[in-house]
Amino acid sequence: MGGWAIAVHGGAGVDPNLPLERQEEAKQLLTRVLNLGISALRSNLSAIDVVELVVRELETDPLFNSGRGSALTEKGTVEMEASIMDGPKRRCGAVSGLTTVKNPVSLARLVMEKSPHSYLAFDGAENFARQQGVEVVDNEYFITPDNVGMLKLAKEANTILFDYRIPTSGYETCGQGVESPMKMNGLPMSIYAPETVGCVVVDREGRCAAATSTGGLMNKMIGRIGDSPLIGAGTYACNLCGVSCTGEGEAIIRGTLAREVSAVMEYKGLGLQEAVDFVIKHRLDEGYAGLIAVSNKGEVAYGFNCNGMFRGCASEDGFMEVGIWE
């Protein structure tokens with residue numbers, strides 16, 4: 001075994017004019033949760049425990065789009081989704097359409113461990129949460145002033161926004177000068193930036209795990225489900241690797257992106273970074289996305305084909321990196 005490794009992300013597709021103070025806030029949060037995961041791994045927590053721990057922390061902080069601070073639907077409400085996967089036996093759990101569960105990733109784990117199913121959604125997921133006694137809050141807990149303002153802008157523009165982290169005034173240059181704006185199923189999206197959180201871990205025993213959580217797209221249609229809760233698309237873990245994706249959800253779904261990393265490692269014999277690079281280059285068609293990955297050998301890798309990706313990664317050999325741009 002090559003020792004433990006961990007990676008986290010806060011979304012792919014970053015506005016090139018995102019204010020420096022916002023970039024610094026993101027880096028500080030990524031550093032904090034990365035150190036939380038490192039400390040847990042040094043204490044010999046299992047990979048599945050660590051990915052849940054880290055994603056819970058990201059869901060609690062409103063900076064990125066998961067848990068508190070989630071993007072708002074067209075009706076101004078929150079519908080959150082998450083998934084988690086334990087590599088050794090490929091056990092998995094996923095949830096969608098959550099409106100009151102404080103930490104969706106933990107409910108996803110309970111679906112994996114305490115239910116006969118792999119995926120629960122909307123009222124069924126909410127009812128299961130109450131049966132399991134998880135912490136629930138009013139929907140208003142998840143809504144922030146920034147998101148209310150960005151939803152208003154999205155409605156005025158009659159579009160879906162990725163970059164709901166940009167304040168509603170004072171940042172008029174954000175989104176300008178982008179030659180190739182992101183599209184969703186061929187429809188242009190005027191602004192884009194962080195929109196999902198995730199964590200992948202391999203522990204000292206070589207066990208891989210992955211978890212992903214999101215509020216989805218700003219001004220999304222009620223009932224829209226993205227890639228984050230879909231096993232094999234936004235999240236995947238097996239005996240070889242763990243993968244969490246972020247970006248244009250519809251493109252990630254079409255390419256079954258997370259599973260593809262594992263597949264090309266298994267069937268083409270590629271190493272982890274080679275597999276990530278291959279998938280980003282050849283499996284996204286015209287979509288934009290990024291992903292983080294670890295292997296059972298203690299390797300860590302990431303890749304993206306857009307302007308940037310909020311990410312942090314570390315390994316037991318002392319490597320540590322937190323960044324946004326290439």
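Every heavy atom of this structure was used, including side-chain atoms; hydrogens, water molecules and symmetry mates were not.
Atoms CG and CG, from Leu291 and Asn305 in turn, are 9.5 Å apart once rounded to the nearest 0.5 Å. Between the CZ atom of Phe304 and the CD1 atom of Ile280 there is a distance of 9.5 Å, given to the nearest 0.5 Å. In this structure, SG on Cys241 lies 8.0 Å from OH on Tyr236, to the nearest 0.5 angstrom. Rounding to the nearest 0.5 angstrom, the gap separating the CD1 atom in Ile252 from the SG atom in Cys245 is 5.5 Å. Interatomic distance, OG1 of Thr235 versus CG of Leu257, reported as 11.5 Å (0.5 Å rounding). Rounding to the nearest 0.5 angstrom, the gap separating the CD atom in Glu52 from the SG atom in Cys199 is 11.0 Å.
Each of Val300 and Val276 belongs to its own hydrophobic cluster when Ile, Leu, Val, Met, Phe, Trp and Tyr are linked at side-chain heavy-atom distances under 4.5 angstrom. Both Val105 and Val201 belong to a common hydrophobic cluster when Ile, Leu, Val, Met, Phe, Trp and Tyr are linked at side-chain heavy-atom distances under 4.5 angstrom. By the criterion of side-chain heavy atoms lying less than 4.5 angstrom apart, applied directly or through intervening Ile, Leu, Val, Met, Phe, Trp or Tyr residues, Met150 is grouped together with Tyr141 in one hydrophobic cluster. Hydrophobic clustering (side-chain heavy atoms under 4.5 Å, transitive across Ile, Leu, Val, Met, Phe, Trp, Tyr) keeps Val294 apart from Ile6. In terms of hydrophobic clustering, with Ile, Leu, Val, Met, Phe, Trp and Tyr side chains grouped at heavy-atom distances under 4.5 Å, Leu34 and Leu45 are assigned to a common cluster.
Summarising the geometry of Ser244 relative to Thr212, their closest heavy-atom pair is OG-OG1, 2.7 Å, with the distance given to 0.1 Å. Of all heavy-atom pairs between Val197 and Ser66, the closest is CG2-OG, 3.3 Å. Across all non-hydrogen atoms, the minimal contact from Gly287 to Ala251 is CA-CB, 3.7 Å. Between Phe122 and Ile225, the shortest heavy-atom contact is CE1-CD1, 4.2 Å. Residues Asn219 and Glu74 approach most closely at OD1-CA, 3.4 Å, considering heavy atoms. Of all the heavy atoms in Leu98 and Pro104, the pair that sits closest is CD1-CB, 3.6 Å.
Within the 4.5 Å cutoff, the side chain of Phe64 has heavy atoms near those of the Leu30 side chain. Counting only heavy atoms from C-beta outward, the side chains of Ile38 and Trp4 approach each other to under 4.5 Å. Leu58 places a side-chain heavy atom less than 4.5 Å from the side chain of Leu29. For the pair Val134 and Asn103, the minimum side-chain heavy-atom distance is 4.5 Å or more. Contact check for Met85 versus Val51: no side-chain heavy atoms found under the 4.5 Å cut-off. Two residues are said to be in side-chain contact when any heavy atoms from C-beta on lie closer than 4.5 Å; Ile48 and Arg109 meet this criterion. Considering only heavy atoms from C-beta on, Val243 stays 4.5 Å or farther from Val279 through its side chain. Side chains of Val148 and Lys152 form no contact here, defined as non-hydrogen atoms less than 4.5 Å apart.
A donor-acceptor distance shorter than 3.5 angstrom exists from the side chain of Asn147 to the backbone of Ser70, with no hydrogens or angles considered. The backbone N or O of Ser46 sits nowhere less than 3.5 Å from a side-chain atom of Asp203 that would complete a donor-acceptor pair. Remark: side-chain polar atoms of Gln273 are paired, donor with acceptor, to backbone N or O of Tyr302 under 3.5 angstrom. In this structure, Glu126 contributes its side chain and Thr99 its backbone to a donor-acceptor pair below 3.5 Å. In this structure, Thr73 contributes its side chain and Lys75 its backbone to a donor-acceptor pair below 3.5 Å. Between the side chain of Ser39 and the backbone N or O of Asn35 there is no donor-acceptor pair closer than 3.5 Å. Using a distance-only test at 3.5 Å, with no hydrogens or angles considered, no donor-acceptor pair links the side chain of Arg90 to the main chain of Ala237. Judged by distance alone, the side chain of Glu79 and the main-chain N or O of Ile222 form no donor-acceptor pair under 3.5 Å. Within the 3.5 Å criterion, the main-chain N or O of Leu63 finds a donor-acceptor partner in the side chain of Asp61.
For Asp123, the CG atom counts as loosely surrounded, since its 6.0 Å shell holds 12 or fewer non-hydrogen atoms of other residues, nucleotides or ligands. Summarising the local packing, CZ of Arg56 is surrounded by 12 or fewer heavy atoms from other residues, nucleotides or ligands at distances under 6.0 Å.
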**Request:** Apply side chain to side chain contact (heavy atoms under 4.5 Å, CB included) to Arg204 and Leu41, showing your working.
**Result:** CA-CA 8 Å; Arg204 284 173 173 160; Leu41 285 163; over 6 Å; no
**Item:** Step-by-step side chain to side chain contact (heavy atoms under 4.5 Å, CB included) determination, Ser213 to Met80
**Value:** CA-CA 8 Å; Ser213 180; Met80 301 168 292; over 6 Å; no
**Message:** Using the rule given for side chain to side chain donor-acceptor pair (under 3.5 Å), can you reason through Ser262 versus Arg259, listing the C-alpha separation, both sets of side-chain angles and the distance that settles it, and then say yes or no?
**Reply:** CA-CA 5 Å; Ser262 169; Arg259 166 61 179 153; 3.1 Å; yes
**Message:** Quick one, Val137 with Phe142, criterion side chain to side chain contact (heavy atoms under 4.5 Å, CB included). Give me CA distance, side-chain angles, the key distance, then yes/no.
**Reply:** CA-CA 9 Å; Val137 293; Phe142 304 102; 3.5 Å; yes
**Request:** For Glu274 and Lys268, run salt bridge (Lys or Arg N to Asp or Glu O under 4.0 Å): C-alpha distance rounded to whole Å, both residues' side-chain angles, the deciding distance at 0.1 Å, then the answer.
**Result:** CA-CA 10 Å; Glu274 287 180 299; Lys268 292 177 71 71; over 6 Å; no
**Request:** Go through the steps to decide whether Phe310 and Leu18 satisfy the test side chain to side chain contact (heavy atoms under 4.5 Å, CB included), and finish with yes or no.
**Result:** CA-CA 12 Å; Phe310 291 91; Leu18 192 66; 3.7 Å; yes
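Salt bridge absent: Glu59 and Lys102 never bring a charged side-chain N and a carboxylate O closer than 4.0 Å. In summary, Glu250 and Arg224 engage in a salt bridge, as defined by a charged side-chain N under 4.0 Å from a carboxylate O.
At a cut-off of 3.5 Å, with distance as the only test, no side-chain donor of Ser228 or Thr214 sits close to an acceptor on the other residue. Looking at Ser96 and Tyr119, their side chains do bring a donor and an acceptor atom within 3.5 Å of each other. Side-chain polar atoms of Thr144 and Asp146 form no donor-acceptor pair below 3.5 angstrom.
Residues that satisfy the ring-ring contact (aromatic ring centres under 6.0 Å, His included) test with His282, not counting sequence neighbours, are Phe278.
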